[in-house]
Amino acid sequence: MTKKASSFQVYLTCAFASIGGFLFGYDTGVISGVLTMNDFLKYFGGTRALERQQLDSSISGAIVGILIGGCFVGALFGGPAGDRFSRKYSIVLFCWIFILGAILQTASIHIAMLLVSRFIAGVGIGALSMLIPVYQSEIAPKEIRGRLISLQQWLITIGIAVSFWINYVDVRQKMRFIALGSIGKLYVFLVGTDTHLSGTSISWRLPLALQIIPGLTLAFGIFFFPFSPRWLMDHDRDEEAIKVLARIRANGNTSDPVVQAEYLEIKEEIALERAESVRSYLELFKYPLRRRLILGVFSQIFQQFTGINSVMYYAPAIFKQAGLGTNSASLLATGINGCVNILATIPAILWVDKLGRRLILISGAFVTAISMLIVGGVIVVDSYGAVGIALDNQAAKYVIIVFVYVFVAGFAYSWGPTTWIYCTEIFPLSMRAKGTSITTASNWGANMIVSFVVPVMMEKITYGTYLFFGSCCVVMLVAVFLFYPETKNKRLEDIDEVFNTSSVIVAFRKSRGGKIKPDPKPDVLDGNDVELADGRGRTPSQHSKYTNGTAFGSLPPTYSSEDGEPRTSPDLPRISIAGSHSQRVSYERPRLSADVLRASSTVSPNSVGITHKSLADEADDSAKF
Ligand code: BGC
C-alpha cells in the first residue's frame, strides 16, 4: 500500500458516512411531491382533497413540519449518544431509528401513523446530521477537513435533487422512472398481487420506501469503517486509536512520525481537557466556550435565514409566481434548481480548504443577498400595487428564474457546506459532540420557523419575503466579517488557540486565525500571564489553573514534572516533521504536555510502539530530511 491508499481510506470513509446526508436531503425533499400525488390526497384527504388538489393546510403543514421537529430532537440526542456509544455506533443506532420511521411512513394507513413515523424518521435524520460531520472532522487530516465534511452537504444536495426528479417524473406520468418501475415489478413478484399497483397507493409508498435502501447501506456498511480515533482516545482506547490513525494516515505504520505526532497532539488535548474537567453542557454556556457556541448557533441560524428553504421547499410556487404557469413547467424548473445545487457545491469541495471559511462565507452572503434583493426588487417593480398577480413582463420572469438559480448556487458553494464544517471545528474534543448537537438543533429550529413562516410571508408580503431574506444575508455578511475567526488548516487540537488568542472582533486583526504569539515571557510565570508555559495561548482562567498548580493537582498521583516546575517556551524543543500530505508540519512539542501525557497515559507505551523518548527521537530524525 502506498500513502495514496491511506488517503483513499480517508476519502472512502468520509464519503461513505455522507450517505447520511443523502437521507437528510431525500427525506426532507420527497414529501413536497408526495403531498401533491392524487393517490396520496385521496388516501389521506378523501375526494374533497382530491378535488381541491390539496390537503387542509394544517395537515400538510403538520406532515412537513413534524419531520423537522423530529430532526430538532434527534440533533439534541445525537450529541450525548455520540459521546457515550461512539460516533460510529451512534450512526448505526440512529440509522435504525430512521429506517423504522421510513418503514412506518411507507406502511402508513392513517394520518396519525404518518405523523408519528415522520417524527421517528426525523429523530434519525437530525442525529445523523450532527454525528456525521463530527465523525468526518475527527477522521480527516486538517488539510482536507473542509473538503471531506463538504461531502455530506454534497450528498444532501443529491438527495434533494433525486427527490425533486422523482416528483417531476410522477407529474409526467408517461415518463415512469425506470427504478420505480422495476421496484414495482419486484413488489408484484414478491407480494404476488398488483392490487396496490392498480390502486396505485404504491405511487407514494415507493418514493417513501426507497430511502430505506441507503439507510440500510449506511447502517451495515459503517461497520467496515474505523471508529473516530479521537473518540477512542477520549475513552482511553489508545491502542485501537493508534491503529486507526496508522490506517488512515500511514498505511498501518504505527511508528510513522505523522501518526505519532497526531497521537500526541490528541493525547495532550485530552489531558488538558481532563485537567479542566470540561465535560458538562453547562461549560458551553460559560467562558471561554460561550463565544464559540454563540458563533456556531448563529452560523446555523444564519444558514437558514439565507432563505434557502424558502426556495427549496417552495420553489414550484416561486416559479409559478414568476409566471411559469403549468405545474409541469414549474416542477421542471425546480428539478433544474436541484442540479444547480449539486453542481455549485463542487467548488466548495475543491477549494474550501484553500480559500478558507471566512472568504467563502462572506462572498456567499454577498451573492445570496444580491440575488434575493434582485428577485424581490423585480417583483416590486412589476407588480407594485398589484401584489399577488403573476408577472406579465417576459424579461422580469427570466430575471427571477435566473436569480433564483444564482441564489441557490451562491448558497451551495458557501453557507451550505461551510456552516457544517465550521460548527464541528470550533469545539474542543470533549465538547465537540455536545456543542455540535446544539448548533445542529439550532439549524433545525430555524428551519422549522422558516418553513412555517414562509408560506404566510409569500401570501401576505410576496416580494417582501425576498427582501427580508436579502437583508438577513447582508447582516450575516457583516457578522462573519466582524466576528468569525478563520479555522482552515488548523489541527482540531489547535483550535483553542484560534479562539483564546483572538479578540471577539476579528475583522481588523492581521492574523484572523489567532496565531500563537512568540513567548516573550521570563522563565518564571506569574499569575497574570495569559500565555502558558508551553507557548500556547490559554484563557486567564485556564492559565491560572496551570500556574497556581490546581491543574497539576488534579492529575493522577503518579504525575511529576521533571523538576517540579512548569517550563517556559525557551525550553521547548522545536520539532519539524515531514507530513504525509506533502506539507511539512511544524509545531512545538511542549515539555509540559509530555509531562501531562506521562501522567495521564493509560496505555502501555510499548504496546502501541510509542514512548515519549522515541517520539522525540523520531521527530528529531525526521526533521533532518
Ligand atoms: C441545509 C438545508 C438545505 C440544504 C440545501 C443544508 O445545508 O441545512 O436546510 O435544505 O442545505 O442544499
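Both counts, for ligands and for their atoms, begin at 1 and track the order of listing. Predicted, not measured: the structure shown is a model, and the values here were computed from it.
- Note on Lys490 versus Asp496: no salt bridge recorded, every NZ/NE/NH1/NH2 to OD/OE distance being 4.0 Å or above.
- Aromatic pair Phe44/Phe40: ring centres closer than 6.0 Å.
- Checked against the 6.0 Å centroid criterion, the rings of Phe24 and Trp444 qualify as a close aromatic pair.
- In terms of heavy-atom proximity, Ile139 sits nearest to Ser228 at CD1-CA, 4.3 Å.
- Ionic pairing of Arg357 and Glu425 is present here: one or more N-O contacts between side-chain nitrogen and carboxylate oxygen are shorter than 4.0 angstrom.
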As a test of reading the model: which N/O atoms of the protein lie under 3.5 Å from N/O atoms of ligand 1, and at what distance?
residue	atom	partner	partner atom	Å
ligand 1	7 (O)	Gln153	OE1	2.7
ligand 1	7 (O)	Gln153	NE2	3.4
ligand 1	7 (O)	Gln303	NE2	2.9
ligand 1	7 (O)	Trp420	NE1	3.0
ligand 1	8 (O)	Gln303	OE1	2.9
ligand 1	8 (O)	Gln304	NE2	3.4
ligand 1	9 (O)	Gln304	NE2	2.9
ligand 1	9 (O)	Asn309	ND2	2.8
ligand 1	10 (O)	Asn309	OD1	2.7
ligand 1	11 (O)	Gln153	NE2	3.1
ligand 1	12 (O)	Gln153	NE2	3.4
ligand 1	12 (O)	Asn341	ND2	3.0

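- A ring-ring contact (aromatic ring centres under 6.0 Å, His included) with Phe16 is found for one member of Phe220, Phe225, Tyr11 and no other, namely Phe225.
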